[in-house]
There are 2 protein chains.
Amino acid sequence: MQEQTDPPGEPNPGLVSTAIQAITQHIRSEGLAPGDPLPSEAAMTRQLNVSRTVVREAFRSLSAMRLIDMSAGRRATVAKLDTGAMSMVIEHGITTQQISVQQVYDVRRTIEMRTVALAALRRTDQEAEAIARSARLMRENFTNPEAVMEHDIAFHEAIAAASHNPVFSLIVTAFSGVTRRTWVIGWRTRSSDEAQLKMIKGHEDIADAILKGDPRLAAEHMAEHFDKSVKALLDAGIA
Amino acid sequence: MQEQTDPPGEPNPGLVSTAIQAITQHIRSEGLAPGDPLPSEAAMTRQLNVSRTVVREAFRSLSAMRLIDMSAGRRATVAKLDTGAMSMVIEHGITTQQISVQQVYDVRRTIEMRTVALAALRRTDQEAEAIARSARLMRENFTNPEAVMEHDIAFHEAIAAASHNPVFSLIVTAFSGVTRRTWVIGWRTRSSDEAQLKMIKGHEDIADAILKGDPRLAAEHMAEHFDKSVKALLDAGIA
DNA sequence: AATAACAACCTGTCATACAGGTTTTGAGGG
DNA sequence: CCCTCAAAACCTGTATGACAGGTTGTTATT
């Protein structure tokens, strides 16, 4: 009952893969934008001549990748760019030991050297303030590691946002999950208050450089920050 | 019949999300490596006290993200790191116009400036040869744009591989899909044979620098290459 | 015209069934 | 005792039907 969309060319891509392609293809060909509704499962079922089971698994898969949003009663809609899938891939790589924390930090360093420079050049005043605020909150809560970490992460995401390139934001945010799992380790190696405050000072320096609009200085401070962070992780024995 | 794993804390995460978490959690807690088998759908069904439908949608979602491999008759296995999900996210961003090709190129430039430097430092002889071979094949097939493009993509992926950091490979490969859709445009703006051969020469220069183990030179050539590529795309009106 | 009840539609979940694959088992033969 | 091979047990892929509950548009009542 389902031969038309599955020409005997390939061996066995599976009906679900075909359905996934059909849906993404629909988004493309109809030029849908985030928020626009997709066909209902029933409609897709008829169009593809497959069971609702197959269509549902396809929708669900796209939903898991956060390419579409689903909720009960409503039709699925095209989703805004989201980091969901990427974080899961990275986390999967880490937990299955296919990538190391240090490798992630190398990538982060590479990317954030760029985002910080772009942020210095392109930030709005609001964005500069948001970045500075995160740094300030790190200092104000510095007795509470959990809070410092969250503001640290927000700090880096705010810089990525100020780069005005959503692809950078996407990647930086995707790494936040890994950061949450390793951050405390780095913090602990900075045993003294001075060492911890010094690290916070580093963030403030970055925020200042962005405020001043000095990309070179900002990048320098960011490099220093990452070098120290990686050293802290290495000291803690994180390969 | 399914209250135990769904405490009344959150409003409605959905049974499938819960199942997805349970599966990834299983991978983590059992310390599974790529190739290791996961519980069968029936086993998961019993463990979570939900219907097979729910478990299946969860498995299928993870499979769509390429975190697990599924095939008929066999149990699902933990997957090797794969770029599947990432490419889909990027492509989704492009087709829904949430990100621009130019923004992707900026990210690529940032990342590949680093991969090329790392490749120059860490490449094995085999890897250097693979990189050089791709450049050579670009020249040999230069009357066939399609072939040139594929070797071009392979060239960049080979460099990422030679960086010995799989996260870089992951990201670079994720961008290959976008490249396939825009490459020809850049090629066409290089209307004359000289311009096209010059572009190929650029790749050979990069390969040489990597072979020599000169990261600075390699990065310089790579920067030049990207600047020209972006210029070509801009000339063609790709924002 | 505002509102409230209703109908139509949609997704979320469950149960069941069966067609192929794949692995395990075990019987029979060497 | 070991090897071979076929049956059995298990597994995934897909289809069908059912029903609960959420959402939206329609209609009837006030």
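Numbered from 1 within each chain, the chains take letters A, B, ... in sequence-line order.
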Is a side-chain donor-acceptor pair under 3.5 Å present for [Y] with [X]?
{"X": "His164(A)", "Y": "Gln103(B)", "value": "no"}
{"X": "Thr45(A)", "Y": "Arg56(A)", "value": "no"}
{"X": "Thr96(B)", "Y": "Gln98(B)", "value": "yes"}
{"X": "Glu157(A)", "Y": "Ser169(A)", "value": "no"}

* Aromatic ring proximity, centroids under 6.0 angstrom, His151(B) and His156(B) -> no

* Asked: Is Glu140(A) atom CD crowded by more than 12 heavy atoms from other residues, nucleotides or ligands, each under 6.0 Å away?
  -> yes

Between [Y] and [X], is the closest basic N to carboxylate O distance under 4.0 Å?
{"X": "Arg133(B)", "Y": "Glu129(B)", "answer": "yes"}
{"X": "Asp69(B)", "Y": "Lys80(B)", "answer": "no"}
{"X": "Arg75(A)", "Y": "Glu41(A)", "answer": "no"}

* To do: Enumerate the residues from residues 51-59 of chain B whose closest heavy atom to DNA chain D is under 4.0 Å, giving them by residue number; use none for an empty result.
  => Arg52(B), Arg56(B)

* To do: Can you sort out which residues in residues 27-45 of chain A have a heavy atom within less than 4.0 Å of DNA chain D? Ascending by number, please.
  => none

* **Atom pair CD1/CG of Ile111(A) and Leu118(A) - distance to nearest 0.5 Å** => 12.0 Å

* **Contact residues, residues 71-82 of chain B to DNA chain C [heavy atom, < 4.0 Å]** => Ala72(B), Gly73(B), Arg74(B)

* Asked: Given atom CG of Asn49(A) and atom C1' of dT16(D), what is their separation to the nearest angstrom?
  -> 15 Å

* **Interatomic distance, Asp69(B) CG vs dG13(D) C1' [rounded to whole Å]** => 16 Å

